[in-house]
Amino acid sequence: MAKQLNFNNIKKEYLTVTLPDEKRTVLMVGTPNKGLLKELMTIKNALDQYGEDMSEDSIDNLFYICARLMSRNKGGVEVTKDYIEELFDIEDILIFVHAYLDFVTELASSKN
């Protein structure tokens, strides 16, 4: 008998993020899709520029991509760039990006 693959039954991994808002909102952030993964790669360029001559566009892009990543959460909560800008400073953003990259890298290496 042929085996079935039902994507509705696949156990997914998530990075649990607790936001520093009044509600202490908890997001279970999933892995990126292809388009978001490409955008995530642009973060590396922004991080390489951090501390040197990081442009306003690079900073905006960093906050925008972080909002998009956080919006890929299990609860379907939309996280906007404006909201992220209110909650996080650049240090917080860098901490999130590094934690997220570690999460994705760990998943990718555990699948091999």
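Start at 1 with the first residue, then count along the sequence.
- Neither Ile95 nor Val104 shares a network with the other; the hydrophobic side chains, linked directly or stepwise wherever heavy atoms of I, L, V, M, F, W or Y lie under 4.5 Å apart, form separate groups for each.
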Let me see the working for Leu62 and Ile90 under side-chain contact (heavy atoms from CB on, under 4.5 Å), right down to the final yes or no. CA-CA 9 Å; Leu62 189 57; Ile90 191 69; 3.8 Å; yes
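- Checked by atom type and distance alone, the side chain of Thr18 never pairs as donor or acceptor with a backbone atom of Val26 at under 3.5 Å.
- A salt bridge links Lys11 to Glu13: one of the charged nitrogens lies within less than 4.0 Å of a carboxylate oxygen.
- With a 4.5 Å cut-off on side-chain heavy atoms, Leu19 and Leu27 count as touching.
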Hey, mind stepping through Ile93 and Ile84 against side-chain contact (heavy atoms from CB on, under 4.5 Å) and telling me if it holds? CA-CA 9 Å; Ile93 290 295; Ile84 293 296; 3.6 Å; yes
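- Under the 4.5 Å side-chain heavy-atom criterion for Ile, Leu, Val, Met, Phe, Trp and Tyr, Leu69 and Tyr14 are members of distinct hydrophobic clusters.
- Looking at every heavy atom in both residues, Phe88 comes nearest to Asp92 through CD2-CB, 3.1 Å.
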Output side-chain donor-acceptor pairs under 3.5 Å for residues 28-35, partner residues at least two apart or in another chain, one line each.
{"unit_1": "Asn33", "atom_1": "OD1", "unit_2": "Gly35", "atom_2": "N", "d": "3.4"}
{"unit_1": "Asn33", "atom_1": "OD1", "unit_2": "Leu36", "atom_2": "N", "d": "2.9"}

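- Using a 4.5 Å cut-off on side-chain heavy atoms (C-beta onward), Glu39 and Tyr64 make contact.
- Rounding to the nearest 0.5 Å gives a distance of 6.0 Å between CD of Glu85 and CG of Asp60.
- A distance of 10.0 Å separates CZ of Phe63 from CG of Leu87, quoted to the nearest 0.5 Å.
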